[in-house]
2 protein chains.
Amino acid sequence: MGTRHKTAHAGVTREDLADAALRLLERDGAKGLSMRKVAAEVGVQAASLYWHVRDKEELLDLACDALWADFDAPPPHTTDPAGPHSPGGTDDWRPQVAVLARRLRTHLLTRTNAARVLVGRFAPGPRWLDRMESLIATLRTAGFDGRDAADATYLLGTWVQGFVLHESVPMSAAEQRGASPSEATALARRELEELSGERYPNVVALAGDIAGPDMDTRFEFGLARLLDGLEPLRATATPKQAE
Amino acid sequence: MGTRHKTAHAGVTREDLADAALRLLERDGAKGLSMRKVAAEVGVQAASLYWHVRDKEELLDLACDALWADFDAPPPHTTDPAGPHSPGGTDDWRPQVAVLARRLRTHLLTRTNAARVLVGRFAPGPRWLDRMESLIATLRTAGFDGRDAADATYLLGTWVQGFVLHESVPMSAAEQRGASPSEATALARRELEELSGERYPNVVALAGDIAGPDMDTRFEFGLARLLDGLEPLRATATPKQAE
DNA sequence: ACCTGAACACCGTTCAAGT
DNA sequence: ACCTGAACACCGTTCAAGT
């Protein structure tokens with residue numbers, strides 16, 4: 001009774017398939033994920049998968065939702081009853097949103113291979129909805145109206161995913177054939193510096209800043225810009241519903 | 001003489017391969033791109049490709065650069081000699097950056113299939129460098145310092161690519177099996193509305209705003225937020241080098 | 001220098017057939 | 001209801017061999 005280890009012997013669930021897919025993806029990358037290997041991982045024949053799942057595509061959708069299984073969001077807002085209550089909105093929304101964004105990034109980053117394959121797949125499973133609900137709640141109590149809160153949520157989500165996508169790719173596609181990240185950075189920088197100073201004066205001058213890749217700093221830069229850009233949208237004092 | 005149509009008969013170039021890859025990608029999507037088909041497209045046997053290219057991976061790098069072949073950036077800044085010259089920076093940087101961002105989006109969007117496969121691949125070919133140089137130039141003359149200009153460039157690039165990636169994916173992964181975009185939107189909205197109002201009060205209430213997908217509006221929202229967030233970084237009057 | 005033929009070890013998917 | 005065996009039409013890549 002209960003869930004036996006995972007490959008008990010009989011009764012493969014769709015969850016099992018999703019988990020197996022994520023495991024393979026993380027272990028061997030994109031090329032490690034085949035229907036045949038997923039089948040083997042759960043102790044079954046390849047053809048059997050098509051009873052549980054219509055497609056490889058559908059399996060990926062499942063895996064996409066399972067990706068959020070162990071993502072624990074920070075508690076949604078938790079208004080401090082004794083704290084300062086600014087009129088029409090709380091201003092601790094920034095650290096709250098920042099924390100969520102950072103956790104989202106590191107979550108995807110520790111599952112790089114899976115993220116690279118699954119990013120861009122919408123598939124808003126139940127676990128993703130939890131994140132969305134709590135983020136919107138935070139923004140609304142901070143004084144954003146519904147439409148802005150929804151748009152901001154989308155903006156943050158797409159930005160973080162796009163960022164991680166770029167972050168997780170070998171920076172110079174061919175050069176990652178065995179070169180430490182710092183070596184790759186130095187090499188990328190040198191490449192930029194050796195460009196024509198006439199044609200690319202700015203790129204050459206800023207080679208160090210472009211080649212980076214201090215990804216943490218870059219992430220914080222983007223996050224700060226997004227939060228600064230959102231700030232003016234808050235209704236810090238609601239004109240119509242004045243207390 | 002000169003470049004015969006493209007598949008003259010002898011002499012396949014790496015450019016030919018990249019173009020063929022892009023063509024196949026756009027015509028048949030990700031699964032339409034195989035080494036064998038690329039070979040056929042250029043009138044050669046599959047094994048021959050490996051003389052020109054180490055890998056399928058390398059072919060994708062080539063295609064990634066070729067993706068920017070017909071992207072024509074707006075002229076870089078073009079300071080109006082008679083126009084108003086605000087101290088330490090020009091303020092027409094916003095429309096300039098906005099135009100570039102929009103063109104980047106539509107460029108990728110009209111090559112959705114290719115974009116979905118190639119996004120995330122850094123591969124800064126010469127054509128991408130041109131874009132970078134002109135964007136950085138715009139930002140620098142607008143009063144941003146070097147480091148901020150570099151970071152802003154990265155931020156804009158990753159955001160647009162992340163946005164397009166999400167935009168180009170069938171919104172509810174399984175439901176795109178033959179449903180018009182507006183139908184899919186309505187369906188997604190209804191799905192959100194039918195969620196538990198207790199567990200997801202905000203999501204249910206804002207279902208219309210979340211399901212969208214008025215992607216143009218969403219894009220402009222994000223763009224405005226980014227520009228607003230960048231604005232305060234400008235040195236509108238350089239304190240040390242006052243004229 | 002550039003291309004082919006044939007082979008190797010894989011794929012996703014279907015379908016009749018088993019229990 | 002769930003799984004298998006065998007088959008089909010594909011893959012990427014290698015390698016000796018051709019010109």
Side-chain angles (χ1 to χ4, degrees), chain A residues 1 3-25 27-64 113 116-118 121 173-174 177, chain B residues 3-25 27-64 113 116-118 121 173-174 176-177:
Chain A
M1 49 181 85
T3 23
R4 280 272 170 247
H5 273 96
K6 77 189 54 168
T7 321
H9 198 230
V12 175
T13 67
R14 285 157 63 96
E15 289 257 341
D16 292 339
L17 298 189
D19 291 345
L22 285 183
R23 239 174 295 136
L24 286 174
L25 223 33
R27 188 199 300 153
D28 306 316
K31 339 207 96 173
L33 182 69
S34 73
M35 294 301 265
R36 294 171 130 101
K37 284 180 188 160
V38 170
E41 182 85 4
V42 299
V44 108
Q45 225 52 24
S48 312
L49 299 190
Y50 291 84
W51 194 92
H52 302 274
V53 131
R54 174 196 301 268
D55 252 333
K56 188 183 187 182
E57 203 71 2
E58 187 176 311
L59 201 169
L60 289 178
D61 283 350
L62 258 42
C64 184
N113 289 331
R116 277 194 60 70
V117 172
L118 301 178
R121 210 165 271 271
R177 308 181 188 284
Chain B
T3 23
R4 279 274 170 243
H5 275 95
K6 78 191 52 169
T7 321
H9 198 229
V12 175
T13 67
R14 285 159 63 95
E15 289 256 342
D16 293 338
L17 299 188
D19 291 346
L22 285 182
R23 238 174 295 135
L24 287 174
L25 223 34
R27 187 198 302 153
D28 306 316
K31 338 207 98 174
L33 181 70
S34 72
M35 295 299 267
R36 293 168 130 103
K37 284 181 187 158
V38 170
E41 182 85 3
V42 298
V44 108
Q45 225 51 27
S48 313
L49 299 191
Y50 292 85
W51 193 91
H52 302 275
V53 130
R54 174 196 300 267
D55 251 335
K56 188 182 187 182
E57 203 69 5
E58 187 176 313
L59 201 169
L60 289 177
D61 283 349
L62 256 43
C64 184
N113 289 331
R116 277 194 60 69
V117 173
L118 300 179
R121 212 164 271 268
Q176 221 257 358
R177 309 180 188 286

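Just so it is clear, the values below take in all heavy atoms, side chains as well, and ignore hydrogens, waters and symmetry mates. Protein chains get the first letters and strands the later ones, always in sequence-line order, with residue 1 at the start of each.
- Under the Watson-Crick and G-U wobble criteria, each requiring two contacts below 3.5 Å, nucleotide C:dA16 is paired to D:dT4.
- Atom pair A:K56:NZ and D:dC10:P shows a separation of 17 Å (rounding to whole Å applied).
- Summarising the geometry, the separation between CE on B:M35 and P on C:dA7 is reported as 21 Å, rounded to the nearest angstrom.
- The OG atom of B:S48 lies 10.5 Å from the CE atom of B:M35; values are rounded to the nearest 0.5 Å.
- Between A:K37 and A:R27 there is no side-chain heavy-atom pair separated by less than 4.5 Å.
- Contact annotation: A:S48 reaches the phosphate of D:dT4 (side-chain N/O to OP1 or OP2, under 4.0 Å).
- Between the OH atom of A:Y50 and the P atom of C:dT14 there is a distance of 7 Å, rounded to whole Å.
- Side-chain atoms of B:R14 never come within 3.5 Å of backbone atoms of B:V53 as a donor-acceptor pair (strictly under, hydrogens ignored).
- Closest to the side chain of B:Q45, out of C:dT13, D:dT13, C:dG5, is C:dG5.
- With rounding to the nearest 0.5 Å, the separation of CZ in A:R36 from CG in A:L49 is 10.5 Å.
- A straight line from NE2 of A:H52 to P of D:dT4 spans 9 Å, rounded to a whole angstrom.
- Distance, B:D55 CG to D:dT13 C1': 9 Å, rounded to whole Å.
- Look at CG on A:L59: it is 10 Å from P on C:dG12, rounded to the nearest Å.
- Of all nucleotides listed (D:dC2, D:dC3, C:dT4), D:dC3 comes nearest to the side chain of A:V12.
- Across the interface with DNA chain D, nearest-nucleotide mapping of B:G32 and B:A47 shows B:G32 to be the residue nearer the 5′ end.
- With C:dC2, D:dT4, C:dC3 as the choices, the nucleotide that has an atom nearest any side-chain atom of A:V44 turns out to be D:dT4.
- Applying side chain to side chain contact (heavy atoms under 4.5 Å, CB included) to A:L33 and the options A:D28, A:L22, A:V38 leaves one that passes, A:V38.
- Here D:dG12 presents its P atom at 9 Å from NZ of B:K37, a figure rounded to the nearest Å.
- Residue contacts shown for B:S34 are limited to sugar-phosphate atoms, with no base heavy atom under 4.0 Å away.
- Taking atom CG of residue A:L33 and atom P of nucleotide C:dC11, one finds them 10 Å apart after rounding to whole Å.
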